[in-house]
Amino acid sequence: MSQVQEVVRCYSCETFQVQIQKKIKKWTCKVCNEKQSLKKVYFTGLGAECRNVVKEFNMKRGELSEMKSTALMQAAELAENENQYDDTYPENSFEDGGQVESQHRSELSQPRVSKWNAFMTAEEIQETE
């Protein structure tokens, strides 16, 4: 007779793990050695089934974290390229005499209209201004 296994997740390192189902609802993470109480059981079954589920969950977790780090790196590179662009090309070096850049800056300097104004009456808008 096989023992029933559970798939649990560590709150600290966020890895999924297999453990034997116990009456005591406390367990220790095998990766980071954190003691914790059992909050949620993600899967229950035999050992081989639980190991396959843990492998899938940890792979998905790894893919998500990789996608997040890639997106952060791309955003940082984009911001760095924009800063480099601003430093490389002064405002008046364009063929149009910097009109595009000055127009863009004037749009940024204009006060923004609140989206809440669509829900307010004209009197309420004048009161807030």
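Side chains included, hydrogens not; waters and symmetry mates left out as well; all remaining heavy atoms used. Keep in mind the model is a prediction, meaning the values are calculated, not measured.
- For the residue pair Cys29 and Thr15, the shortest heavy atom distance occurs at SG-OG1, 4.5 Å.
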Item to check | Evaluation steps, side-chain contact (heavy atoms from CB on, under 4.5 Å), between Gln5 and Ile20 | outcome: CA-CA 4 Å; Gln5 306 274 326; Ile20 297 172; 3.6 Å; yes
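- Rounded to the nearest 0.5 angstrom, Lys39 NZ and Arg9 CZ are separated by 14.0 Å.
- In this structure, Gln17 and Lys30 approach most closely via the heavy-atom pair OE1-N, 3.1 Å.
- Residues satisfying the ring-ring contact (aromatic ring centres under 6.0 Å, His included) test with Tyr42, not counting sequence neighbours, are Phe16.
- Counting non-hydrogen atoms of other residues, nucleotides and ligands closer than 6.0 Å to NZ of Lys60 gives a total of 12 or fewer.
- Looking only at distances, no side-chain donor or acceptor of Glu34 sits under 3.5 Å from a matching main-chain atom of Cys10.
- Here Phe43 pairs with nothing under the ring-ring contact (aromatic ring centres under 6.0 Å, His included) rule; sequence neighbours left out.
- Within the structure, the ring-ring contact (aromatic ring centres under 6.0 Å, His included) test picks out no pair touching residues 58-80 (sequence neighbours left out).
- Residues Cys13 and Val31 approach most closely at SG-CB, 4.1 Å, considering heavy atoms.
- Val8 shares a hydrophobic cluster with Trp27, Leu38, Val41; the chain of contacts runs through ILVMFWY side chains whose heavy atoms sit under 4.5 Å apart.
- Grouping Ile, Leu, Val, Met, Phe, Trp and Tyr residues whose side-chain heavy atoms lie under 4.5 Å apart, directly or via other members, leaves Leu78 alone, with no other cluster members.
- Taking a 6.0 Å sphere around NZ of Lys25, one finds it holds more than 12 heavy atoms contributed by other residues, nucleotides or ligands.
- Cluster note: Leu46 groups with no other residue, as no ILVMFWY side-chain heavy atom lies under 4.5 Å from it.
- Here the closest heavy-atom approach between residue Tyr11 and residue Gln36 is recorded as CD2-OE1, 2.7 Å.
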